[in-house]
Amino acid sequence: MAVQFDNDASVEPADELARLKQEHRDLDGAIDALELGVIADQLQIQRLKRRKLSLRDRISYLEDQITPDIIA
């Protein structure tokens, strides 16, 4: 099952999952860097954290699609 994007390119869920996990890690670094700054941009930090939560939800969804619950 492939995931469709706005640009109509088919991407396998495992590939999309890897991309989202990398973006999630990148956001961790960006948030840490902003928080360590002398003048932290709280609005930007809040936006990045919101994006990170959105990614976490999408990652969870894709993980569930890749490994569905199997009742034995």
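- No path of Ile, Leu, Val, Met, Phe, Trp and Tyr side chains, each step under 4.5 Å between heavy atoms, connects Leu53 with Ile59, placing them in separate hydrophobic clusters.
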Can you give the donor-acceptor pairs under 3.5 Å from side chains of residues 32-44 to other protein atoms, not counting sequence neighbours?
from  : atom 1 : to    : atom 2 : distance (Å)
Glu35 : OE2    : Lys49 : NZ     : 3.3
Asp41 : OD1    : Leu43 : N      : 3.4
Asp41 : OD1    : Gln44 : N      : 3.3

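- Within the structure, salt bridge (charged side-chain N to carboxylate O under 4.0 Å, His left out) contacts touching residues 20-31 (residues at least two apart or in different chains) are Arg19-Glu23, Lys21-Glu63, Glu23-Arg51, Asp28-Lys52.
- Note: Thr67 OG1 to Leu62 CG = 10.5 Å, rounded to the nearest 0.5 Å.
- Note that CD of Gln65 and CG of Leu17 are 11.5 Å apart. Values are rounded to the nearest 0.5 Å.
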